[in-house]
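So the structure is just underneath, and the comments pick up after that.
Order of the sequence lines sets the chain letters (A, B, ...), proteins ahead of strands, with each chain counted from 1.
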2 protein chains.
Amino acid sequence: MVKDWYKGGDKVYVAVDCIIFGFDAGVLKLLVFKRRVAPFEGRWSLIGSFVRPDESSSEASHRVLKEITGLDNIYMKELRVYSEVDRDPGARCISIGQYALIRVDEHDKELVESHGAKWYPLNELPNLVLDHGKMVSDALERLRTNAQFYPIGFELLPQKFTIPQLQQLYEVIFQKQFDSRNFRKKLLSLEILKKLDEKDKSSSKKGAFLFQFDSDKYKQIRKKGFSIPLFKNQDVL
Amino acid sequence: MVKDWYKGGDKVYVAVDCIIFGFDAGVLKLLVFKRRVAPFEGRWSLIGSFVRPDESSSEASHRVLKEITGLDNIYMKELRVYSEVDRDPGARCISIGQYALIRVDEHDKELVESHGAKWYPLNELPNLVLDHGKMVSDALERLRTNAQFYPIGFELLPQKFTIPQLQQLYEVIFQKQFDSRNFRKKLLSLEILKKLDEKDKSSSKKGAFLFQFDSDKYKQIRKKGFSIPLFKNQDVL
DNA sequence: ATAGTAAATGTAAATATTACATTTATTTTA
DNA sequence: TAAAATAAATGTAATATTTACATTTACTAT
């Protein structure tokens, strides 16, 4: 029931749009889809939805993410609200940008295809509808900022990964090369990686040891009151 | 004109609520106001408004902030969207939390009073309507996080301030004492403070030199690709 | 002239970062 | 089965930053 005093307000459409990052074959990719219905039929768009009466914006974005990728329990954070008056010529409609990091190896590729969705390397993105291109560049900036201060890179790698893989990811995110000895030393010094007794031999004869992100340990450290900036000299952007 | 394909969506009320921080008499304060009309007449609330058809959420929050404090050009950032289904029993209404840092010495005190608004020290806050208490604690957390990595403390101090004042502010934000010699050294080493030829004698016979935040220099540094974490060992939270 | 007060300053020890080259483990090939 | 090939793994010395800690300075009030 809507109380009288709300009658002064103007209702608007509220949507979520997901900026979904993945790391595959050494490059950062974004999941976009080709619209099959109006508006913007046939054009590329972020994956989104109206927020339904029975869900929050966060629930809405997790719902569509699951619909398209089959994935639950995804790293997803609010980016910002896009509410410029004329952003959508069809109606007053605000959109909440939600950026997500997923493990490409874990998602349901057939489901993605069946929805007309496709992974594009960030530098080969097609033009997107409305302000979705802006959402992507904002999200990329946010990803870079957050990756400086928090260990979120792990969200983009398989559960088990090698140090060289991790380094490659950070080099792609920050567009910068790191010294492999110093990179390894620094990451291991954070004490948030569990070394496994297993090697990945896909990229060398010697094989590289696999590691897992130790999120319990990370939470402990955070609880004690520390945050972990990955690189001290933050000249990574 | 609303196109047909939007008819599937459900419209909702969209509001902004401002979490307004100030630093006064050595304590962090929040600006809240006593509602004079329904809903929640007589109860304390954040300062907010519906987002109007002709403005973005950012414009809406700057508008109400100006209405109440007389201030323009305020540091204000989106905190997050509060869209839980039952957050407002009167109607489906989502709210965009916007947190702001203002210089208490620059705001229009009479205007604030005339609107029934009042500054409360953070630890003496009255109960607030709806989820506004949660907004405040979220905003405080965000303030602390951001103050670790970015020089935003200056937004809460007068344009001209002393190093001891700056230190006191950071001690309040982080609930932690700093060594005055190291604090001064660290802050000056960032090279974003302009020393003035002027002293503030309000708190000592000797007087303390006044400084200004040099935002041009800070922008230059950022442009070159550096961010500036204020404290290396981020054990400040 | 002296006492009182907060501001300002310096340094040595500990820690973290950087720059840089060789050895190791394994597979493939000769 | 020895040798070649390849990426992974490791160590160290030089530099920079952070930390811990006590005295002097500038000014006002008595």
Side-chain angles (χ1 to χ4, degrees), chain A residues 25-26 148-149 151 157-158 160-171 174 176-212 221 225-236, chain B residues 25-26 148-149 151 157-158 160-171 174 176-212 221 225-236:
Chain A
Q148 273 183 84
F149 303 128
L157 291 175
K160 298 174 178 183
F161 53 85
T162 67
I163 304 283
Q165 280 166 14
L166 187 60
Q167 177 170 350
Q168 189 189 30
L169 170 60
Y170 275 102
E171 290 181 342
F174 294 127
K176 181 179 192 288
Q177 303 289 113
F178 296 103
D179 177 275
S180 66
R181 289 157 289 188
N182 294 339
F183 183 87
R184 181 183 296 267
K185 205 187 317 174
K186 175 71 186 174
L187 269 288
L188 293 178
S189 78
L190 299 177
E191 299 193 290
I192 53 177
L193 296 183
K194 257 200 304 262
K195 185 176 183 177
L196 304 177
D197 247 348
E198 221 179 318
K199 278 188 165 182
D200 172 306
K201 296 203 172 159
S202 63
S203 72
S204 81
K205 290 156 185 170
K206 180 178 180 180
F209 279 102
L210 287 163
F211 289 79
Q212 274 188 316
I221 295 172
F226 289 75
S227 71
I228 299 182
L230 278 180
F231 304 101
K232 182 193 166 185
N233 271 358
Q234 316 261 338
D235 53 346
V236 282
Chain B
Q148 272 184 84
F149 303 129
L157 291 174
K160 298 175 178 183
F161 53 86
T162 69
I163 304 283
Q165 280 166 13
L166 187 61
Q167 177 170 351
Q168 188 189 29
L169 171 60
Y170 276 102
E171 290 181 342
F174 294 126
K176 180 180 192 288
Q177 302 290 111
F178 296 103
D179 177 275
S180 66
R181 289 158 290 189
N182 295 340
F183 183 88
R184 180 184 296 265
K185 205 187 317 174
K186 176 70 186 173
L187 268 288
L188 292 177
S189 79
L190 299 176
E191 300 194 290
I192 53 177
L193 295 184
K194 256 199 306 261
K195 186 177 183 178
L196 304 177
D197 246 348
E198 223 179 316
K199 278 188 167 182
D200 172 305
K201 295 205 173 158
S202 63
S203 72
S204 81
K205 289 156 185 168
K206 180 179 180 178
F209 278 102
L210 288 162
F211 289 79
Q212 275 188 315
I221 295 171
F226 290 75
S227 71
I228 299 182
L230 278 180
F231 304 101
K232 181 190 170 188
N233 271 0
Q234 317 259 338
D235 54 347
V236 281

- Scanning both residues in full, the closest heavy-atom pair of B/Glu191 with B/Ile221 reads O-CD1, 4.3 Å

- Item | Nucleotide nearest A/Asn182 (side chain, heavy atoms from C-beta), chosen from D/dA29, C/dA19, C/dT26 | C/dA19

- Task: Decide if the gap between the ring center of B/Phe149 and the ring center of A/Phe149 is smaller than 6.0 angstrom.
- Result: yes

- Message: Closest-nucleotide mapping onto DNA chain C: is A/Ser204 or B/Ser204 further toward the 5' terminus? I mean the 5' end.
- Response: B/Ser204

- Item | A/Asp179 or A/Gly207, whichever maps to the more 5' nucleotide of DNA chain C | A/Asp179

- Using heavy atoms to find the nearest nucleotide of DNA chain D for B/Lys199 and A/Lys205 separately, return the residue whose nucleotide is more 5′. A/Lys205

- Would you say a side-chain N or O of A/Arg184 is under 4.0 Å from OP1 or OP2 of D/dA9? yes

- Note on the structure: Value for CZ (A/Arg184) from CG (A/Leu166), rounded to nearest 0.5 Å, stands at 10.0 Å

- In whole Å, what is the span from the CD atom of A/Gln167 to the P atom of D/dA8? 9 Å

- Query: What is the distance, rounded to the nearest whole Å, between atom NZ of A/Lys201 and atom P of D/dA9?
  - Reply: 12 Å

- Atom pair distance, as rounded to whole Å: CG in A/Leu188 and C1' in D/dG11: 14 Å

- Item | A/Lys186 side chain near C/dT17 phosphate (N/O to OP1/OP2, under 4.0 Å) | yes

- Gap between atoms CZ and C1', on A/Phe183 and D/dA8 respectively (whole Å): 14 Å

- Below 4.0 angstrom from OP1 or OP2 of D/dA9, is there any side-chain N or O of A/Lys206? no

- Item | Among D/dT10, D/dA7, C/dA7, the one nearest B/Pro164 by side-chain distance | C/dA7

- Item | Backbone of A/Gly26 reached by a side-chain donor or acceptor of A/Gln168 within 3.5 Å | no

- Rounded to whole Å, the CD-C1' distance (A/Gln177 to C/dA19) equals 16 Å

- Let me know the distance between CG of A/Leu190 and P of C/dT17, rounded to the nearest Å. 9 Å

- Task: Find the distance A/Leu187:CG to C/dA16:C1' and express it as a whole number of Å.
- Result: 15 Å

- Rounded distance in Å - CZ (B/Arg181) to C1' (C/dA7): 12 Å

- Just wondering, are more than 12 heavy atoms of other shown residues or ligands nearer than 6.0 Å to NZ in A/Lys199? yes

- A/Ser180 side chain near D/dA8 phosphate (N/O to OP1/OP2, under 4.0 Å): no

- Task: State which of C/dG10, C/dC20, C/dT27 makes the closest approach to the side chain of B/Lys185.
- Result: C/dG10

